[in-house]
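Below, all heavy atoms of this structure are taken into account, side chains as well, without hydrogens, waters or symmetry copies. Protein chains get the first letters and strands the later ones, always in sequence-line order, with residue 1 at the start of each. Being a predicted model, the structure only gives us computed values, none of them experimental.
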2 protein chains.
Amino acid sequence: MLKSKASPVSLEQRNTTRLRVLEHIRAKGAVSRIDIATALQTSPATVTAATADLISAGLIKETESQAQSKSAKRGRPRVLLQLDGQRHLVAGLKVARQVISVILLDFEGNEIASHKFTLENPRMSPQEFVLAIRNALKETCNQIDRSIACLAGVSIGVAGLVDANRNFVHWSSSIKDSNVDFSQLLSNELPCPAFVDNDANLVAKAEQLFGLGKGLKNFLVVTIEHGVGLGIVLDGKLYRGERGCGAEFGHTKVQLDGALCQCGQRGCLEAYVGDYALIREMTVSGQINRMASVSDIHDRAKSGDDRASSVLARAGQMFGLGISNLINLYDPECIIVSGAQMSFEHLCSDEVMERIRNGVVKVDAPLPEIRIHHWGDTMWAKGAAAYGIEQISILKVRELAANAS
Amino acid sequence: MLKSKASPVSLEQRNTTRLRVLEHIRAKGAVSRIDIATALQTSPATVTAATADLISAGLIKETESQAQSKSAKRGRPRVLLQLDGQRHLVAGLKVARQVISVILLDFEGNEIASHKFTLENPRMSPQEFVLAIRNALKETCNQIDRSIACLAGVSIGVAGLVDANRNFVHWSSSIKDSNVDFSQLLSNELPCPAFVDNDANLVAKAEQLFGLGKGLKNFLVVTIEHGVGLGIVLDGKLYRGERGCGAEFGHTKVQLDGALCQCGQRGCLEAYVGDYALIREMTVSGQINRMASVSDIHDRAKSGDDRASSVLARAGQMFGLGISNLINLYDPECIIVSGAQMSFEHLCSDEVMERIRNGVVKVDAPLPEIRIHHWGDTMWAKGAAAYGIEQISILKVRELAANAS
DNA sequence: AGTAAATATTTTACCGACTGAAATAAATAT
DNA sequence: ATATTTATTTCAGTCGGTAAAATATTTACT
């Protein structure tokens, strides 16, 4: 039954239509077959076949509520299709220096549970890393009285250099060893498919699936945390670059031989915008010792501290310069600035937006929209889960094709 | 016969295999069917079908010379396939301020003829523009005793903002009107298909088809002329951005509130690297009046003029900064620096390369290669012709599918 | 209520691209 | 001459997709 004589045209390019239909439904929320056919420039017959498969895979369902056809009042009513979110549960994890954040999402992106675990050891061996992940998952599942076995998939975000296609981590600050292939380790310790990727890429995925990038084809996601990250979606797909190390937006140079960056180079954007850069300026420059955080600087600025205002203003100027360069180079539909907890109002001020506008070469078409997204501290874990949802969708659709006896 | 009942899966995605085979043959020069099948991860049967079609379309041919199989000494010998360049002739034009350059290439990219025409009027009406092109083509064809009717296609490069898919020119310095649809005008005045695109994109196409980007999937082409341009090839395709205006690398900012650029903004790369910027520095800064060209500055620098050396050095520093930002953002396989006539040794010096290396975030993988390409003054026209070759190939393959009775 | 018209979806018959396996072709080794 | 090896072509079959016809489900109108 499984061993069909079928020809695997190319495992990579197979079932693209079904996946496109699924993504369209996810982006639209609820949509009829005829609208899908129109939007995807395909025939109704194809949509019927694709949606039938997706329904039998438990990925989508028909809704009871019915939408009126746009213009007409008679005729057979459209049946709306929507995600069948409850059927599968996906876990997303973000492994940071001192903490592992876990979130459980249903297939629509709704949060089911979340939890945080303090890491005693910030640099783990691969084996320790995987076990820490398993423990974190178990505890989080316990919260909702379910076992780890109920998970359809797990996705892990780390800062570092990752070849996501192979679950291969070239380097990460959380892991002692370099060049570790996690495929085997993960499948040994976890009862479901698991994936690893760079954290900024994962946030971009989250914006695409259920954030501000829903339905967009070409957009950039700038992540603000301690540093500045970039996720790139071109033609609906994550662009990872040739070496897979992701875009180093935080280390693009905004000043010839400028401020010293943590990376050892000079003039990096992050050396003007990163939290450590702001704190460095405040402490080094005299009166104030050891500022605890960026929000302290914000507080001081609001209460009339000119030095604090000046530090924030320069960060904004440099950030605006960097963003305008992104627009000049990528010409995206939209740039999404995504932040978790850190205060970054100074990077979205009117002055900064004005600077961006003035830094972009004028063409007839309007400027790409800049959207600000305050996620809260689940951003990174949700990003990971988003990637998991996508990957599990692909697996389910493949199984489907294989099982078609 | 033409009106087949066939289902046009999608005109855009049809015949991709045949086109991939054609591009592979172009990239490899001469290659056997079995090697194509291996390289393209497809079956020999498919390659047989595809190559049979391409041969009957006059795009490729079998060579007489035979290549030995790598390891074995017996067995049926491989038949090498190569482009059948002589069958079709394509014209490429570059329309600049004062001159139209025309080049005729065969389908392999070999130069058959070329010519330059001075333009009395740098800003033409659309009608004048098309007529100027027709005249330039006629004269160039006359040179080789052939008529304009022998051309399989014509491709035109202009500086400006072009929607290449529609032959729609939003704006160009050579054309009086804005937002002109050239489809109709061109088909009225020319006996063959014609295409318009932005000039930097076209040079990228030339590098991809028969330049230093042959066979690469992700690379950037930086063009050096009066200004600095950028063509982006990602996943084997030209990336044009959302608004289609191409990447404005020359107007990325390399200095906060820096030197004034022709575009009116401050701190643009071009305001440090463009020829007018160099000349401005030399003239404004005192002793020397009205330098004729960048090569004069080079001459002065070589004969010990410290001011000239300094001007060139700073341009190099800024250029290096810009290139390292490109690498940080795109992580390409390779960056090709393509120049026509202008002297740009100061942008490829060891110091500049060192600066690039130091500006790129270190990862395990080696730095993208930086290749310098001195085309000579046919660069822009050849770029246009390259795009023509590609587009005509697509048309021929489509015809083929339509004619399969 | 009954019928016509309108619109959405499904069914059916068929097409084209691709595949694996078998057949064929063209060389060398023995 | 024959066996062996390797490249290419032929053939029968699969898969995803389509157009057109059939079917389903509603409102409009008599």
Side-chain angles (χ1 to χ4, degrees), chain A residues 3-21 31-55 62-63 66-81 397-398 400-405, chain B residues 3-21 31-38 40-55 62-64 66-81 397-398 400-405:
Chain A
K3 196 194 275 182
S4 87
K5 226 182 168 185
S7 50
V9 174
S10 161
L11 271 171
E12 304 315 310
Q13 79 181 66
R14 214 181 357 161
N15 301 123
T16 49
T17 300
R18 273 176 277 211
L19 287 173
R20 289 207 315 146
V21 169
V31 62
S32 67
R33 290 177 178 82
I34 190 83
D35 285 336
I36 297 173
T38 309
L40 266 43
Q41 305 232 66
T42 188
S43 72
T46 301
V47 176
T48 293
T51 53
D53 283 354
L54 292 172
I55 288 171
E62 300 189 338
T63 46
Q66 291 183 351
Q68 229 30 258
S69 313
K70 265 164 234 156
S71 52
K73 275 156 199 167
R74 54 183 175 171
R76 177 173 175 173
R78 298 164 179 209
V79 179
L80 293 180
L81 299 163
V397 169
R398 276 209 197 130
L400 200 55
N403 289 344
S405 62
Chain B
K3 196 195 274 184
S4 88
K5 225 183 170 186
S7 50
V9 174
S10 161
L11 270 172
E12 304 315 311
Q13 79 181 66
R14 226 212 304 193
N15 300 124
T16 48
T17 300
R18 272 175 278 211
L19 287 173
R20 287 206 318 145
V21 169
V31 62
S32 67
R33 290 178 178 83
I34 189 82
D35 286 336
I36 296 172
T38 309
L40 266 44
Q41 305 232 63
T42 188
S43 71
T46 301
V47 176
T48 293
T51 53
D53 282 354
L54 291 172
I55 289 171
E62 300 188 339
T63 46
E64 322 73 43
Q66 291 183 351
Q68 228 32 255
S69 313
K70 266 163 234 159
S71 53
K73 274 156 195 164
R74 54 183 177 175
R76 177 172 173 173
R78 299 166 177 206
V79 179
L80 293 180
L81 299 163
V397 169
R398 275 208 198 132
L400 199 56
N403 289 343
S405 60

Dump the pairs, protein N or O against N or O of nucleotides 27-30 of chain D, anything under 3.5 Å, distances to one decimal.
| from | atom 1 | to | atom 2 | distance (Å) |
| --- | --- | --- | --- | --- |
| D/dA28 | O4' | A/R74 | NH1 | 3.1 |

Closest nucleotide of DNA chain C for B/T42 versus for A/V47: which of these residues is on the 5' side?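 Final value for this comparison: A/V47.
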Residue-phosphate contact under 4.0 Å: [X] side-chain N/O, [N] OP1/OP2:
X	N	answer
A/R33	C/dT10	yes
B/S32	D/dA7	no
B/R78	D/dA7	yes

How many whole angstroms separate atom [atom1] of [X] from atom [atom2] of [N]?
X	N	atom1	atom2	value
A/R76	C/dT11	CZ	P	10 Å
B/E62	C/dA25	CD	P	15 Å
A/Q41	D/dT18	CD	P	11 Å
A/L80	D/dT25	CG	C1'	15 Å
B/I36	C/dT19	CD1	P	14 Å
B/I34	C/dT19	CD1	P	13 Å
A/L40	D/dG16	CG	P	17 Å

Let me confirm one number: the CD1-CD distance from B/I55 to B/E62, rounded to the nearest 0.5 Å.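 Spacing of CD1 (B/I55) from CD (B/E62) equals 5.0 Å.
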From B/I34 CD1 over to B/R76 CZ, what is the distance, rounded to the nearest 0.5 angstrom?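 Atom-to-atom, B/I34:CD1 and B/R76:CZ are 11.0 Å apart.
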Quick one: which of [options] gets closest to the side chain of [X]?
X	options	value
A/A45	D/dA19, C/dT7, D/dT6	D/dA19
B/S43	D/dT26, C/dA25, C/dT19	C/dT19
A/V79	D/dT18, C/dT19, C/dT9	C/dT9
A/T48	C/dT11, D/dT26, D/dA19	C/dT11
A/N15	D/dG16, D/dT9, C/dA8	D/dG16

Applying a 3.5 Å limit to both distances, which nucleotide forms a Watson-Crick or G-U wobble pair with C/dT30?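 Pair assignment: C/dT30 / D/dA1.
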Check whether any side-chain N or O of B/R20 sits under 3.5 Å from a backbone N or O of B/L40 as a donor-acceptor pair, and report yes or no.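 A pair under 3.5 Å: yes.
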B/S32 side chain to B/L80 backbone, donor-acceptor under 3.5 Å: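 Such a contact is absent between B/S32 side chain and B/L80 backbone.
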Of A/V21, A/V47, A/T38, the residue whose pairing with A/R33 passes side-chain contact (heavy atoms from CB on, under 4.5 Å):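 One option only clears the test, and that one is A/V47.
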Passing option when B/L81 is tested against B/I36, B/D35, B/L54 for side-chain contact (heavy atoms from CB on, under 4.5 Å):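 Running side-chain contact (heavy atoms from CB on, under 4.5 Å) over B/I36, B/D35, B/L54 with B/L81 returns exactly one hit, B/I36.
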A/S43: what forms a side-chain hydrogen bond (donor to acceptor under 3.5 Å, both in side chains) with it, not counting sequence neighbours?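 A/S43 satisfies side-chain hydrogen bond (donor to acceptor under 3.5 Å, both in side chains) with A/T46 only.
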